[in-house]
Structure formats: structure tokens, C-alpha cells
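Lettering follows sequence order; numbering is per chain, from 1. Note: hydrogens, waters and symmetry copies are ignored here, and every other heavy atom, side chains too, is used.
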Number of protein chains: 2
Amino acid sequence: MRKDIHSDGIPVLCESCEVRHRGLCGVLEPDQLVALAKTSTKHKISEGAELIGDAERIENYSNVLSGVVKLSKVMADGRQQIVGLQFAPDFLGRPFRAESDINVEAATEVSLCSFPRSAVERLMKEQPELEHRLLQQTLKELDEARDWMLTLGRKTAVEKVASFLLMIARNSHPNGQAGRQSLSFDLPLKRADIADFLGLTIETVSRQLTKLRAEGVISIENNRHVTIGNLARLEACAGA
Amino acid sequence: MRKDIHSDGIPVLCESCEVRHRGLCGVLEPDQLVALAKTSTKHKISEGAELIGDAERIENYSNVLSGVVKLSKVMADGRQQIVGLQFAPDFLGRPFRAESDINVEAATEVSLCSFPRSAVERLMKEQPELEHRLLQQTLKELDEARDWMLTLGRKTAVEKVASFLLMIARNSHPNGQAGRQSLSFDLPLKRADIADFLGLTIETVSRQLTKLRAEGVISIENNRHVTIGNLARLEACAGA
DNA sequence: CGATAGTTTGACACAGCTCAATAGGCGTGG
DNA sequence: CCACGCCTATTGAGCTGTGTCAAACTATCG
């Protein structure tokens, strides 16, 4: 029924796309994909670059192809809280609202595929399945946000750090936790970002990491590369 | 174009419904409304009653007609965090998922209009506008959750309490803040719930309330009835 | 009027913050 | 290749805001 999607009519731009099947585009018919591809562009964004500032107009929607994007809120006096992390193949952009009330920034080098607002909104009308997929992603983000509220409001510093490591680990190894062995991955965030994500200070994050390391639950090389020796123990530390 | 909605074909049950125009039902055609009303029931739930437990099956979707519903998460050792409050005319229930991972409980006496899952999901297929409305509500909840993440992660105890009061005030007086005068309303939550919402203890909530009272920013009668003397000052306390 | 649940207040402890100093990683330029 | 500077991370010492525990107070209701 859908095997035609693999044959003719797929735009060149999309043919090699890493996220085409998992992302929003996956629900589009070949001709719709062609229409969208005409107006879409891929680009690389370097670490630290701001994609959308607070209260700026959103002109584009994007798919994250690789890298990590952080969504954050800032108070007048500079206190900052990261309220979401987007990985491939997440969708970026707040539908049905001209202004964003959050800051969007590349946490690592990021590559994106962007479309103008109007093109996406037009497609949404003619293809309800697109809106359905969008609803699914939004519900997923809502679930994540609520999980994180529990972490922010009720967990201790160690539990927060352990929860963060687990979240990153799960994202780095999407294939179920079949691998009982030691997991390892690179942290996509620097300490300051981790602190802003967990509602802690840099120093506290650092102390909890060394504590976990001292207890042999994890090991760290080069400040960024983490190996989880015993997954179950880390989960226990996270208060799961 | 839509004035027929006020005339014939509206089910008796819905005719007097307080939230029909604002809630999800607002997008339904008369005949769809009739179909839905056949399977829907209104009920009152008393304060403290649990609507859906963690990991229970969701058999029904509901509209909140009045009262306040709290959504919460609980850790194994009993620590609890409220992750959302639902007021009329919010929709209750997690679409596209058989299990809920949060607890749903009446914070006050609540009246609901409930429909079986299947009826709503059937309607969703034939009326894309319904799914659109659902997406809007989900996006709103996501925005609220993220606002709250900033509060949980980065605000001090006074700021948290002040932010909470403002949120309740805005919900009690949906008509814009035209009223510069002193606002007053009843707190729908007891101190323990406020604490669970703010990631604080009961004692700290109480202390911050008396502090705000001592500073003349608010006044409280009967533990539940709050009057905001100076809205701008309360907003300043909230770190807005 | 007593019983119960909810709230406030107080005294003290401790987790996490602040400030400050040290150490490591890495690119640039001599 | 080393020296230097910059950025990031770690470690330490002391402080403070919030939690803990306990007691007193208040509202509500039978």
C-alpha cells in the first residue's frame, strides 16, 4: 500500500534523509513531499547559536536531523531553566502561534531541515495525518515535561543528575536496553547546561558526578564521555 | 453559518452545558453532538476522590464542567509532585494511550461530563477539527508545564508561592486584568496540595503566605479566601 | 463542646548555594 | 615543541534557605 514511497517521486533532497521515516515527513504522500521539498532547506548550525529568541517571530518550522537543541526560559535577572531538549527526528517550532515564549539554541552542532510556516500549515489542512503526528509529538513532549517536573520539584541533587544521565543514555541508545552491558555515550551538554536543566548550580552537578564516579556507578573520560557500569544501580540512584 | 447550533438538534443534556462552546464539544456538528450525548454522562465527584490511578486503564474521556482536578506523580517512597491542574472547560484523559502514568484526583468537588474512549476516537476520525482542538489544548498544557518548570527549577519559595497565587487569580477571573482593584478568590487547594505543586513543604508554603500577608501584599480570611491588594507588587514578588 | 483535620509558628539541621582557588583541555602563536 | 591564554570543570570552606520535627493554634462538624 505504501511501498510506492520507496520508489519514484521522492525528492532528491529527501531520499537520503536520515529522519524521513521517523519524522513528520513520514506521513506525506510523494507529491506532498515534492511540494514541501521545493521550499525546504538543510543547514548546519554551530554550537551555541540561537535559533529563535524569546518573543521573536517564528518564520520557520524545522526537523532536527542531528545534534541536540535546547529550549530554555530566562528570568529578568538572568536565572535560566532549560525546559526541553530536542533530538532527531523531533519537530521544532510552536504551531499556531506567531511568537515563541522560549529560547531555542543549539546545544551541540545541529543540522536542520527547515520549511516556511505557511507551507507546513497549508499541508496540515490537506493532510490530517500530519496534524495527528504533530499531536503525537506534542503529547510526547508533554509527558517528558511532566516527568521532569517531578525531577525538578522533588528529587535530590544526586537523583537529578542520575536521572539526567539515564535520559541521555536512553536517547543515545534507542535500541531497547537489551544491552545489559556497560553503556557509554557522550554528554551533549556542558556542565552549565546540565545545571540549567536540573535546576542546580554547576558546582553541585560537578560534585554529584564525582560522587557517582567515586561510588563506581559511572566513569567519565575527557569530561564528556560517560560509561555506565551498572545500569540498575544508576536507576536506583535516580529514584526510579 | 453556525447559528443553527443554537437552535434545533442540540441534545437536552448539552443545551444547558456550561462549557459546550468553550470545550471540545464546541467543534461538533449537531448530529455528532447527538451521537456523543447518547453515550455521555454527567457526574459529580467529591473532593479527594481518585479518578484514574497510575497505570490504570483509561476507559473514559471527560470534560471538566466545574471544580479543579489535579494531575500528580508519586515516587516509590511517597514524594509527590502535582504536574498539572485542570479547570473547566479542560479535557481530561490521555489520548492514544491505554495507560495513564499519572494520578488524577479531584482537588475540590468536581463535575464532569464523560464519554467512552471509543466514541471520542471514532468522532475524531470523522471530524479533524476535533483533533485540531485537542492539539490546541495539548499545546496549552505544554506551555503551562514549561512555565512551571521554570518556577520549580529556578524560583525561590516566595516567588513560587506568589506565582501560584497569580495563576489561581488569573483562572478565577478569566476576564482580563481589567480590574486593577483588589482581586479576591478562594484557593481551590489545601496547603498540602500547594506544597506538592510547588515542590515545597507545607510549612514553607505557610511561612511564605504569612510573609506576603505581613508585607501587605495579600490578605487571607478563613485560610482559603485570598485578596490581592496590589497586583503589581505580587507580580514583582513572583519574579515575573 | 470535644474531636479531627488543617494550619501556623518555632528551633534546629542539613542540602545545596556562594565565593574563591585550583586544575585540566585545547587552540594559537612564537 | 613549549608557553600562553582561555574556557571548562573540579574542589574547598563557609553560609543560607528550606526541610524536619514538634508543639500550639484554628476551623469545622458532629
Colleague: Atom NZ of residue position A/K211 - does it have more than 12 heavy atoms of other residues, nucleotides or ligands inside 6.0 Å?
Modeller: no

Colleague: Round to the nearest Å and state the distance from B/E221 atom CD to D/dA27 atom P.
Modeller: 12 Å

Colleague: Can you tell me how far C1' of D/dA9 sits from CG of A/L187, to the nearest Å?
Modeller: 12 Å

Colleague: Can you tell me the distance, in whole Å, between the CG atom of A/L189 and the C1' atom of D/dA9?
Modeller: 15 Å

Colleague: In whole Å, what is the span from the CZ atom of A/R79 to the P atom of C/dC17?
Modeller: 13 Å

Colleague: Between A/H225 (NE2) and C/dG25 (P), how many Å, whole number?
Modeller: 15 Å

Colleague: Nearest 0.5 Å please: distance from the CD atom of B/Q81 over to the CZ atom of A/R154.
Modeller: 6.0 Å

Colleague: Less than 4.0 Å between a side-chain N and a carboxylate O, is that true for A/R79 and B/E159?
Modeller: yes

Colleague: I need the B/F87 CZ to B/I168 CD1 distance, nearest 0.5 Å.
Modeller: 4.0 Å

Colleague: Within the 3.5 Å criterion, strictly below it, is a donor on B/S114 or B/H43 matched to an acceptor on the partner's side chain?
Modeller: yes

Colleague: Do the side-chain N and O atoms of B/S163 and B/T151 include a donor-acceptor pair separated by under 3.5 angstrom?
Modeller: no

Colleague: What residues from residues 145-167 of chain B pass a heavy-atom cutoff of under 4.0 Å to DNA chain C?
Modeller: none

Colleague: Just do the salt bridge (Lys or Arg N to Asp or Glu O under 4.0 Å) check on B/D101 and B/R94 with the steps written out, would you?
Modeller: CA-CA 9 Å; B/D101 56 346; B/R94 175 69 166 79; 5.9 Å; no

Colleague: Checking side-chain polar atoms at under 3.5 Å, does B/T138 have a donor or acceptor matched by the opposite partner on B/E141?
Modeller: no

Colleague: Hey, which of these two, B/R213 or A/N223, hits DNA chain C nearer its 5' end, going by closest nucleotide?
Modeller: B/R213

Colleague: Rounded to the nearest angstrom, tell me the gap between atom CZ in A/R224 and atom P in C/dG24.
Modeller: 19 Å

Colleague: A/I220 CD1 to D/dT11 P: how many Å, rounded?
Modeller: 10 Å

Colleague: Using distance alone, with no hydrogens and no angle criterion, decide if B/S46 and B/E109 have a side-chain donor and acceptor under 3.5 Å apart.
Modeller: no

Colleague: Expected output is a numbered-order residue list: members of residues 195-211 of chain B with a heavy atom under 4.0 Å from any atom of DNA chain D. What is it?
Modeller: B/G199, B/L200, B/T201, B/E203, B/T204, B/R207

Colleague: Rounded off to whole Å, could you give me the NZ-to-P distance for the A/K190 and D/dC7 pair?
Modeller: 10 Å

